[in-house]
Amino acid sequence: MLTAIGLSSAFTGTAVTFQGDIDGTGTYQELRESDVAGAAISWAVGAANTIIHPSSTEVLIGGLSGIKIVSGSSEAAARDLKLHLLRTND
């Protein structure tokens with residue numbers, strides 16, 4: 001499960017949202033809190049910071065074949081992120 005994101009000093013966005021591939025087909029969809037009407041899962045972020053999962057009440061992001069992290073702003077170039085994951089025993 002994704003528990004934190006480490007951002008480089010070059011990162012310019014102030015929020016990130018998430019897309020997930022649930023079955024390994026390469027088709028990514030926006031991750032939402034509950035259903036199609038639910039709000040997109042979004043974390044407030046800042047450059048050169050590690051952002052820990054913002055709320056214990058939110059569902060941790062896990063159980064996906066792939067994940068995309070989408071900046072809320074256009075980035076001038078590719079950015080390196082460090083993902084902090086928690087392994088669970090399924």
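Quick caveat, the model's predicted, so the values are computed rather than measured.
One distance of note links CG of L7 with CZ of R79; it measures 11.0 Å at 0.5 Å rounding. Taking CG of L83 as the start and CD1 of I69 as the end, the distance is 4.5 Å to the nearest 0.5 Å.
Here the closest heavy-atom approach between residue S65 and residue G24 is recorded as OG-N, 3.2 Å. Minimum heavy-atom separation, F11 to A47: O-CB, 3.1 Å. Between T12 and S73 the shortest heavy-atom distance is O-OG, 4.4 Å. Nearest approach of E75 to G13, heavy atoms of both residues: OE2-N, 3.0 Å.
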Step by step, would you call V70 with F18 a side-chain contact (heavy atoms from CB on, under 4.5 Å)?
CA-CA 6 Å; V70 182; F18 302 90; over 6 Å; no
Before you tell me yes or no, could you show the steps for V45 and T14 under side-chain contact (heavy atoms from CB on, under 4.5 Å), namely the whole-Å CA-CA distance, both residues' side-chain angles and the distance that decides it to 0.1 Å?
CA-CA 5 Å; V45 298; T14 58; 5.5 Å; no
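Although no hydrogens or angles enter the test, the distance criterion places a donor-acceptor pair under 3.5 Å between the side chain of T3 and the main chain of H84. Judged by distance alone, the side chain of D23 and the main-chain N or O of T25 form a donor-acceptor pair under 3.5 Å.
Atom CG of D80 has 12 or fewer heavy atoms from other residues, nucleotides or ligands within 6.0 Å. Within 6.0 Å of CG in L85 there are more than 12 heavy atoms belonging to other residues, nucleotides or ligands. Shown here is Q29, whose CD atom has no more than 12 heavy atoms of other residues, nucleotides or ligands within 6.0 Å.
Inter-residue side-chain proximity for T17 and I41 is flagged as unmet; no heavy-atom pair is nearer than 4.5 Å. Residues L81 and V16 fail the side-chain proximity criterion, which asks for heavy atoms closer than 4.5 Å.
W43 is connected to L64 through a chain of hydrophobic side-chain contacts under 4.5 Å among Ile, Leu, Val, Met, Phe, Trp and Tyr, so both are in one cluster. Under a hydrophobic-cluster definition in which Ile, Leu, Val, Met, Phe, Trp and Tyr are linked whenever side-chain heavy atoms come within less than 4.5 Å, directly or via other members, Y28 and I5 are assigned to different clusters.
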